[in-house]
Trainee: 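Here's a structure for you.
Chain letters run A, B, ... following the sequence lines, proteins first, then strands; residues in each count from 1.
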Protein chains: 2
Amino acid sequence: MGADDITIAERIRAQLHRFTPTERRAAHSLLANYPVAGLETVAEFARRATVSAPTILRFVGRLGYSNYPEFQRALRDELDKQGQSPLAKSSYGGAEPDGSGPNAAFCGALIDNLQTTFSHISEPEFHTVANLLGDRHRRVGVIGGRMSDALARLFAAHLAVVRPGVMHLDGQPSNWRDLMVDYGPRDIVVVFDIRRYQEDLTALAEIAAGRGATIILLTDQWLSPVSRHARHIFSARIEVPSRWDSMTSLLGIAEALLAAVTEGRWEEASRRIAMIDSFRRLP
Amino acid sequence: MGADDITIAERIRAQLHRFTPTERRAAHSLLANYPVAGLETVAEFARRATVSAPTILRFVGRLGYSNYPEFQRALRDELDKQGQSPLAKSSYGGAEPDGSGPNAAFCGALIDNLQTTFSHISEPEFHTVANLLGDRHRRVGVIGGRMSDALARLFAAHLAVVRPGVMHLDGQPSNWRDLMVDYGPRDIVVVFDIRRYQEDLTALAEIAAGRGATIILLTDQWLSPVSRHARHIFSARIEVPSRWDSMTSLLGIAEALLAAVTEGRWEEASRRIAMIDSFRRLP
DNA sequence: TCGGCTCTGTAATTTGTATTACAGGAATTG
DNA sequence: CAATTCCTGTAATACAAATTACAGAGCCGA
């Protein structure tokens with residue numbers, strides 16, 4: 001909750017010269033074993049620094065905290081914000097979390113997938129797509145396959161909060177096709193399609209592309225046949241030690257896109273969100 | 001590293017099944033915000049886990065500590081031993097993919113989340129849940145919140161392929177409640193609920209729990225209020241550099257569960273899949 | 001060298017915390 | 001279905017911690 005992003009340690013280091021000699025001992029002791037010393041009791045902290053308890057209190061007072069618990073709370077907040085759970089996160093070089101159960105392998109695969117997936121993203125294309133999706137004058141239709149349609153729903157639900165004109169295409173395939181009447185050169189169709197590709201979707205994409213709509217495809221590394229008609233393609237790694245394919249990296253891309261779009265038009269988005277919130281309070 | 005290489009977190013995870021229900025809530029709360037929760041006062045810890053102070057004390061007692069300060073000291077010792085000053089490290093603890101664009105940061109956050117999330121999973125509990133979900137005699141209802149419902153759908157869709165009796169609860173809240181008539185002690189309700197928790201879901205969980213159903217909750221690190229009624233809880237890290245929360249790690253858990261369930265009953269599952277495939281060819 | 005000032009620790013006080021006893025209630029077992 | 005056991009929270013208690021008042025020690029300038 002710090003107003004500034006500067007850590008307590010850095011603040012101490014910066015003001016070190018303004019402390020009295022014993023207070024400086026306290027400061028050094030704290031910096032030497034950083035968060036821990038400050039999380040002990042005053043007495044223990046004092047003993048560790050070989051100063052008296054009141055000196056510790058004067059030290060934290062000078063740092064701007066009105067009492068010791070407040071200081072400790074600040075330290076804990078920082079510890080919490082910080083990359084989280086330093087205990088859980090071991091060295092981690094490539095992609096193996098600690099432990100070695102079956103879940104560790106699964107997690108490692110997910111991480112590898114994410115890393116590979118993101119490293120293949122073209123930044124310029126990414127931003128082009130983010131801008132397209134942020135353009136409120138373009139209608140956006142979102143659709144997915146049998147399993148990936150859940151991601152399509154999620155994507156559409158978020159995007160619809162940020163901007164108008166977003167629609168998740170569901171129901172019967174004949175239904176989608178009918179909706180394509182409304183789509184033209186200014187409009188966008190986002191398609192999620194991974195392995196065990198569906199002919200439905202390819203057919204839809206063909207129709208939409210024929211009408212001049214821009215198709216954005218999120219697929220796996222082998223590329224759905226929809227790619228034939230897509231203007232922009234994002235491919236994700238989906239292989240994990242499972243009978244099923246993983247959609248986490250695909251979701252990762254979707255979330256990254258949503259983050260970029262939302263950030264890009266936050267002015268308006270925040271107003272929309274506030275309004276939606278106000279609706280909630282009505283019932 | 002340390003004298004004993006086993007961390008407190010691991011010990012908790014290993015013994016999770018030996019705790020009473022409320023103690024387990026305390027354990028989950030601690031694991032979800034690992035060292036920090038335990039460094040707060042008993043009262044704060046209790047409030048965070050929504051249990052009473054004595055429950056916290058009984059929890060640490062069962063872990064083998066004779067009093068709370070001793071437990072805290074152990075946590076601090078661990079924190080101290082652990083590669084020193086996690087706060088001093090750059091803001092990125094471990095996992096930066098190459099490159100340094102905004103997407104690299106996003107990807108790094110996703111990876112951190114996944115890693116932390118998986119490291120908090122209790123293997124025994126994981127397998128208990130996998131077995132529960134694999135039991136074809138238990139009905140399974142799956143539901144999610146406004147945004148997380150997409151994951152619920154995805155989960156239900158996969159699970160329904162592997163075994164019978166799976167249902168995604170959608171439509172009006174009144175609709176779900178009506179369905180609860182059919183649920184009893186042998187049945188399971190899987191709830192996805194992350195920040196901006198919905199009262200609907202808590203109400204549903206209460207009803208289901210009242211009827212004796214086993215509730216499995218997939219939530220974020222702050223634990224949805226549904227946790228009050230849940231028998232099994234999985235908490236995921238969801239913070240990313242975005243206006244939205246990330247659901248990738250939650251999806252990761254869901255996929256891991258699906259992998260385990262499917263593997264556990266592959267004999268039958270494969271037959272079902274083959275049959276479903278044969279249906280497709282009919283048109 | 002002396003007086004004033006700041007710094008520092010000791011000891012008393014106060015505050016807040018952990019702890020424990022107990023009773024109601026849920027779940028379980030025969 | 002009843003009796004018992006095990007949980008769980010409330011409230012009172014005991015304890016330990018933070019805080020404050022005060023006095024001596026060291027330091028600087030005069």
Trainee: So how far off straight is the helix from C:dT1-D:dA30 to C:dG30-D:dC1, going by the axes through five pairs at either end, to 10°?
Mentor: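 The value is 30°.
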Trainee: Can you name the closest pair of heavy atoms from B:Ala49 and B:Ser29 and give their distance?
Mentor: CB-CB, 3.7 Å
Trainee: What's the shortest heavy-atom distance between A:Glu70 and A:Gly64, and which atoms?
Mentor: OE2-O, 4.4 Å
Trainee: Looking at residues at least two apart in the chain, or sitting in another chain, which of them share a salt bridge (charged side-chain N to carboxylate O under 4.0 Å, His left out) with A:Glu44?
Mentor: B:Arg73, B:Arg76
Trainee: Taking atom CG of B:Asp182 and atom CE of B:Met167, what is their separation to the nearest 0.5 Å?
Mentor: 9.0 Å
Trainee: Tell me: CZ of A:Arg47 to P of C:dG9, nearest whole Å?
Mentor: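 Answer to the nearest Å: 14 Å.
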Trainee: Test of understanding: with side-chain contact (heavy atoms from CB on, under 4.5 Å), list the residues that count as partners of A:Thr50, not counting sequence neighbours.
Mentor: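 Counting only residues at least two positions away or on another chain, A:Thr50 forms a side-chain contact (heavy atoms from CB on, under 4.5 Å) with A:Arg25.
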Trainee: Tell me the ring pair (Phe, Tyr, Trp, His ring centres under 6.0 Å) pairs involving residues 130-153 of chain B, sequence neighbours left out?
Mentor: none
Trainee: Test of understanding: with side-chain contact (heavy atoms from CB on, under 4.5 Å), list the residues that count as partners of B:Ser249, not counting sequence neighbours.
Mentor: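 B:Ser249 satisfies side-chain contact (heavy atoms from CB on, under 4.5 Å) with B:Asn113, B:Leu114, B:Thr117, B:Ala236 once adjacent residues are dropped.
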Trainee: Cut-off 3.5 Å, no hydrogens considered: what does the side-chain donor-acceptor table look like for residues 201-214 of chain B, sequence neighbours left out?
Mentor:
residue, atom, partner, partner atom, Å
B:Arg211, NE, B:Met180, O, 3.2
B:Arg211, NE, B:Tyr183, O, 2.7
B:Arg211, NH2, B:Val181, O, 3.4

Trainee: With 3.5 Å as the limit, what N/O pairs link the protein to nucleotides 28-30 of chain C?
Mentor:
none

Trainee: Only pairs at least two apart or in different chains count here, so list each ring pair (Phe, Tyr, Trp, His ring centres under 6.0 Å) that has a residue in residues 40-79 of chain A.
Mentor: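 The answer is A:Phe19-A:Phe59, A:Tyr65-A:Phe71, A:Tyr68-A:Phe71.
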Trainee: CZ of B:Arg211 versus P of C:dA26: gap in Å, rounded?
Mentor: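 Result: 17 Å.
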Trainee: Do B:Thr55 and B:Ser52 pass the side chain to side chain donor-acceptor pair (under 3.5 Å) test, and can you show the C-alpha distance, the side-chain angles, and the key distance before you say yes or no?
Mentor: CA-CA 5 Å; B:Thr55 298; B:Ser52 67; 3.2 Å; yes
Trainee: Which two nucleotides bound the region of DNA chain D that has atoms under 4.0 Å from heavy atoms of chain A, read 5' to 3'?
Mentor: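 The contacted stretch runs from D:dA17 to D:dT20.
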Trainee: Under the rule for side-chain contact (heavy atoms from CB on, under 4.5 Å), what residues qualify as partners of B:Arg195, not counting sequence neighbours?
Mentor: B:Asp220, B:Trp222, B:Ile238, B:Glu239, B:Asp245
Trainee: On a heavy-atom basis, which atom in B:Arg138 and which in B:Arg186 lie closest, and how many Å separate them?
Mentor: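 Closest approach of B:Arg138 to B:Arg186: CG-O, 2.7 Å.
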Trainee: Can you list the residues that meet the side-chain contact (heavy atoms from CB on, under 4.5 Å) rule with B:Arg163, with sequence neighbours excluded?
Mentor: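 For B:Arg163 the side-chain contact (heavy atoms from CB on, under 4.5 Å) partners, ignoring immediate neighbours, are B:Val140, B:Leu159, B:Val166, B:Arg265.
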Trainee: Do any side-chain nitrogens or oxygens of A:Thr20 fall under 4.0 Å of OP1 or OP2 in C:dT6?
Mentor: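 No, no such contact exists.
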Trainee: Does anything in residues 52-70 of chain B reach DNA chain C, meaning a heavy atom under 4.0 Å, and if so which residues?
Mentor: B:Pro54, B:Leu57, B:Asn67, B:Tyr68, B:Pro69
